[in-house]
Amino acid sequence: TEAETYDFNVIFDETKYKKVCNAAIPYMTHLREYLKSGRDSFDLVISSEVFSIASLTVCLNIPAEKIILWHELALHQRKFHKIPSKLWYNFVARIFERRALVVPRSSAAGDFIRNYMTRVSDDFVEHGINTDNFIYNKEKKNQFIVVAQLILRKNISSIIEKFAKF
């Protein structure tokens, strides 16, 4: 695979407290300091998901007029009987993220987030795809594709077993 190149600077930060803040709940060690040091020079900060420690960090350190929260979820996360999700949306988001503009990734996500946030765009922005790298082809092959994080909760071993039967 080729290394991706970007027209802008990309900074990869480490996750701290890995036993608690794993891939499902990343805590980026230097994000707060980076945001505070550049808050006057940033034109716009886009953060993914309202239910996110990174988005909360952005909302606490950047002026609201410079923030867009790009939101995908259309339902509460089911972990722990939806309690963390419901607490976040009803309290954390309404108190600390309320001034940020939320741009949903779908109409369903927009309908969901409007229950909790007041500044929600009527337009939605879907996930993009680089058509230079992904080209539609009418000739189909017998393929098995899995897109997932390689983490325990994704149950990769069961995917491998299904592949063996494929």
Side-chain angles (χ1 to χ4, degrees), residues 1-80 82-134 147-151 153-154:
T1 58
E2 291 181 32
E4 292 184 6
T5 58
Y6 305 97
D7 295 334
F8 45 84
N9 187 26
V10 175
I11 299 169
F12 295 95
D13 196 4
E14 65 181 335
T15 297
K16 197 170 184 179
Y17 313 119
K18 291 180 183 176
K19 288 189 177 188
V20 176
C21 298
N22 57 25
I25 311 171
Y27 174 73
M28 292 170 279
T29 311
H30 303 101
L31 179 61
R32 181 174 173 264
E33 291 80 17
Y34 181 76
L35 292 170
K36 287 181 84 172
S37 69
R39 69 182 279 147
D40 295 329
S41 62
F42 298 141
D43 294 321
L44 184 65
V45 177
I46 302 172
S47 186
S48 181
E49 298 305 327
V50 170
F51 187 7
S52 158
I53 293 172
S55 293
L56 175 61
T57 304
V58 168
C59 289
L60 293 175
N61 292 284
I62 298 295
E65 64 272 9
K66 295 184 175 188
I67 301 171
I68 291 179
L69 302 181
W70 192 33
H71 185 77
E72 178 176 23
L73 298 177
L75 299 168
H76 284 288
Q77 291 182 353
R78 295 182 312 192
K79 286 186 177 185
F80 303 108
K82 303 179 185 178
I83 293 170
S85 179
K86 288 183 177 186
L87 287 173
W88 188 280
Y89 286 109
N90 280 296
F91 299 104
V92 176
R94 286 184 172 170
I95 295 169
F96 300 107
E97 298 176 327
R98 72 182 181 277
R99 296 180 301 120
L101 174 63
V102 179
V103 176
R105 296 184 194 182
S106 67
S107 59
D111 292 342
F112 172 78
I113 200 61
R114 278 186 188 87
N115 292 311
Y116 306 98
M117 305 290 281
T118 56
R119 294 193 63 216
V120 179
S121 173
D122 291 330
D123 299 318
F124 59 90
V125 178
E126 298 175 339
H127 285 282
I129 186 166
N130 184 341
T131 56
D132 293 334
N133 294 334
F134 299 95
V147 179
Q149 298 169 310
L150 293 176
I151 58 176
R153 71 179 172 85
K154 295 294 182 176

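Remember, predicted model here, so these are calculated numbers, not experimental data.
Applying the salt bridge (Lys or Arg N to Asp or Glu O under 4.0 Å) test to Asp122 and every residue at least two apart in sequence or in another chain returns Arg114. Under the side chain to side chain donor-acceptor pair (under 3.5 Å) criterion, Ser48 pairs with Arg105, sequence neighbours left out. With sequence neighbours excluded, no residue satisfies side chain to side chain donor-acceptor pair (under 3.5 Å) with Tyr89. Residues forming a side-chain contact (heavy atoms from CB on, under 4.5 Å) with Ser106 (at least two apart in sequence, or on another chain): Ala108, Ala109. In this view, Leu44 and Ile46, Ile68 satisfy the side-chain contact (heavy atoms from CB on, under 4.5 Å) rule, not counting sequence neighbours. Asp111 is linked by a side chain to side chain donor-acceptor pair (under 3.5 Å) to nothing, counting only residues two or more places apart in sequence or in another chain. Residues meeting the side-chain contact (heavy atoms from CB on, under 4.5 Å) test with Ser52, sequence neighbours left out: Glu49, Ala54, Ser55. Under the side chain to side chain donor-acceptor pair (under 3.5 Å) criterion, His76 pairs with Ser85, Tyr116, not counting sequence neighbours.
Note that the CZ atom of Phe51 and the CG atom of Leu69 stand 14.0 Å from one another [nearest 0.5 Å].
Judged as a salt bridge (Lys or Arg N to Asp or Glu O under 4.0 Å), not a single pair has a partner in residues 90-101 (not counting sequence neighbours).
Side-chain contact check for Leu87 versus Val92: every heavy-atom pair is 4.5 Å or farther apart.
Between His71 and Leu73 the shortest heavy-atom distance is NE2-O, 2.9 Å.
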Enumerate donor-acceptor pairs with a distance under 3.5 Å from any side-chain N or O in residues 60-67 to protein atoms, sequence neighbours excluded.
unit_1, atom_1, unit_2, atom_2, d
Asn61, ND2, Thr57, O, 2.8
Lys66, NZ, Arg39, O, 2.9
Lys66, NZ, Phe42, O, 2.9

